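Worksheet: the structure to be examined is printed underneath.
Since the model is a prediction, treat every value here as computed from it, not as a measurement. By convention in this document, chain letters (A, B, ...) are assigned in the order of the sequence lines, proteins followed by strands, and residues within each chain are numbered from 1.
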Protein chains: 2
Amino acid sequence: MPFDLILKNISKYIGLDEAEKKTFTNHLTTKTLNPKTIFLKSGEVCKYSAFVIKGCLRGYTYDKNGTEHVLDFAPPDWWIADMYSLITQKPGFITIEALEESEVLLLSKKAQEELYSQIPKLERFFRILTEKSLVANQQRLIDNMTLTAEERYNIFCNRYPTLINTLAKKHIASYIGVTPEFFSRMRAKSIRNN
Amino acid sequence: MPFDLILKNISKYIGLDEAEKKTFTNHLTTKTLNPKTIFLKSGEVCKYSAFVIKGCLRGYTYDKNGTEHVLDFAPPDWWIADMYSLITQKPGFITIEALEESEVLLLSKKAQEELYSQIPKLERFFRILTEKSLVANQQRLIDNMTLTAEERYNIFCNRYPTLINTLAKKHIASYIGVTPEFFSRMRAKSIRNN
DNA sequence: TTTTAAAGTTGATGTAGGTTAAGAATTAAT
DNA sequence: ATTAATTCTTAACCTACATCAACTTTAAAA
């Protein structure tokens, strides 16, 4: 059942009866993404939130030199979208790409708003989700302001132990906020000191 | 009327009738804060969101060296709280302080949750508020990863033109993410080049 | 009004992390 | 299985910003 994971995810925060679950899942579309498929391109309007059930996506922006900066990884059980663009329905600056063969559930902005009126409890669910996302994001900002690259890497390893082996090092480096070269040196050093 | 500002703020996103407005404002407490008053201390549990109607507050954390890092300023018409602590009701890491004589409206976590059931529309209001906050925060993270201190300062000046003159330079420096010394040099240079 | 403390500035020097470049190791394509 | 492309690593050098210290200015206290 492709909806098991998302329903279990929701049930952590709100209770839905069978009819409500059905209403909810009726608004979802399943989509398979091949590796390197671009799900959302910078400059486009983000029309869907994606809930990952298999594989892994990443979201990133370009800076003025054209360098990519990874903003988030989305392994199974995570949502990903360009929140700015999704909310404003203006062209965004984030590109979202499948890193491997992935499966996602799509919830369109329109469907989401319909669901808010049909099942008001979902407003609570998404509020809580957004709150958690905000807190995580604030913590990351704090970490970027107060910690060294090495400390941020350690936090990353602890928080996403499963991702470390599957992700390309350059993507981890970018998420941490350093160049691949420095990341490589950093790791070589920390291996030596163990 | 101390509630005018907050009611106007709310009315941007949802409509409340007179009875609902009354119910809402009944859950608020007014508080005056003298300059340098600490409204929330790192290590404490955050029990209130504060909506500023006069003056200005700032939120900051300490790093392991004891250096302060300003996370946000809250001029009138802004909310401020330690979201992590407020949501989890665990001791937080943020200190919130009045920079000048300020007046705030307090909404306790408990009152907020009561309001969600009494006036479900407020769930929407706070969802939207949190979404906006998340987007702003993500943008700030992107700016920190992709821009120089000078570029971040320019953005700050454009975004908060009124604050530039009232805030202490060391607080702006901290918000931007540089030392007061470097901030000073940066400004000296940019004045020279004008 | 004078004193004291805090904030801001300027200079000399240090460092985390960036850049450029070239080779080694993987991975993908033929 | 080879070739081609991408990713990763290592090294030399570079820059944005930090640190420390002394001085000046501003603001707060007495």
What is the distance from CG of N34(B) to P of dA28(D), rounded to the nearest Å?
14 Å
Strand-adjacent residues in residues 170-186 of chain B, judged by heavy atoms under 4.0 Å from DNA chain C:
K170(B), E181(B), S184(B), R185(B)
Round to the nearest Å and state the distance from E100(A) atom CD to dT27(C) atom C1'.
15 Å
Can any side-chain N or O of E113(B) pair as donor or acceptor with the backbone N or O of K110(B) at less than 3.5 Å?
no
Give a yes or no on whether the backbone of L129(B) and the side-chain of S133(B) come within a donor-acceptor separation of less than 3.5 Å.
no
When you check the gap from the basic side-chain N to the acidic O, do K22(A) and E18(A) get nearer than 4.0 Å?
no
Kindly confirm or rule out a cation-pi arrangement of R140(A) over Y175(A), judged by NZ or CZ under 6.0 Å from the six-membered ring centre and within 45° of its axis?
yes
Value in whole Å for how far the C1' atom of dA29(C) lies from NZ of K36(A):
12 Å
Roughly, in whole Å, what's the span from CZ in R152(B) to C1' in dC17(D)?
10 Å
Report the distance from atom CG of N65(B) to atom C1' of dA16(C), rounded to the nearest whole Å.
14 Å
Do the side-chain N or O atoms of R187(B) get closer than 4.0 angstrom to the phosphate oxygens (OP1, OP2) of dT9(C)?
yes
What is the distance, to the nearest angstrom, from the OH atom on Y153(A) to the C1' atom on dA16(C)?
18 Å
Please identify each residue that fulfils side chain to side chain donor-acceptor pair (under 3.5 Å) with E181(B), with sequence neighbours left out.
none
Expressed as a whole number of angstroms, how long is the span from N165(A):CG to dT7(D):P?
18 Å
Would you find a donor on one side and an acceptor on the other, under 3.5 Å apart, between the side chain of E123(A) and the backbone of P120(A)?
no
Measure NZ/K189(A) against C1'/dT15(C) and give the value in whole Å, please.
12 Å
Nearest-nucleotide wise, let me know which of K169(A) and E150(B) is further upstream toward the 5' end of DNA chain D.
K169(A)
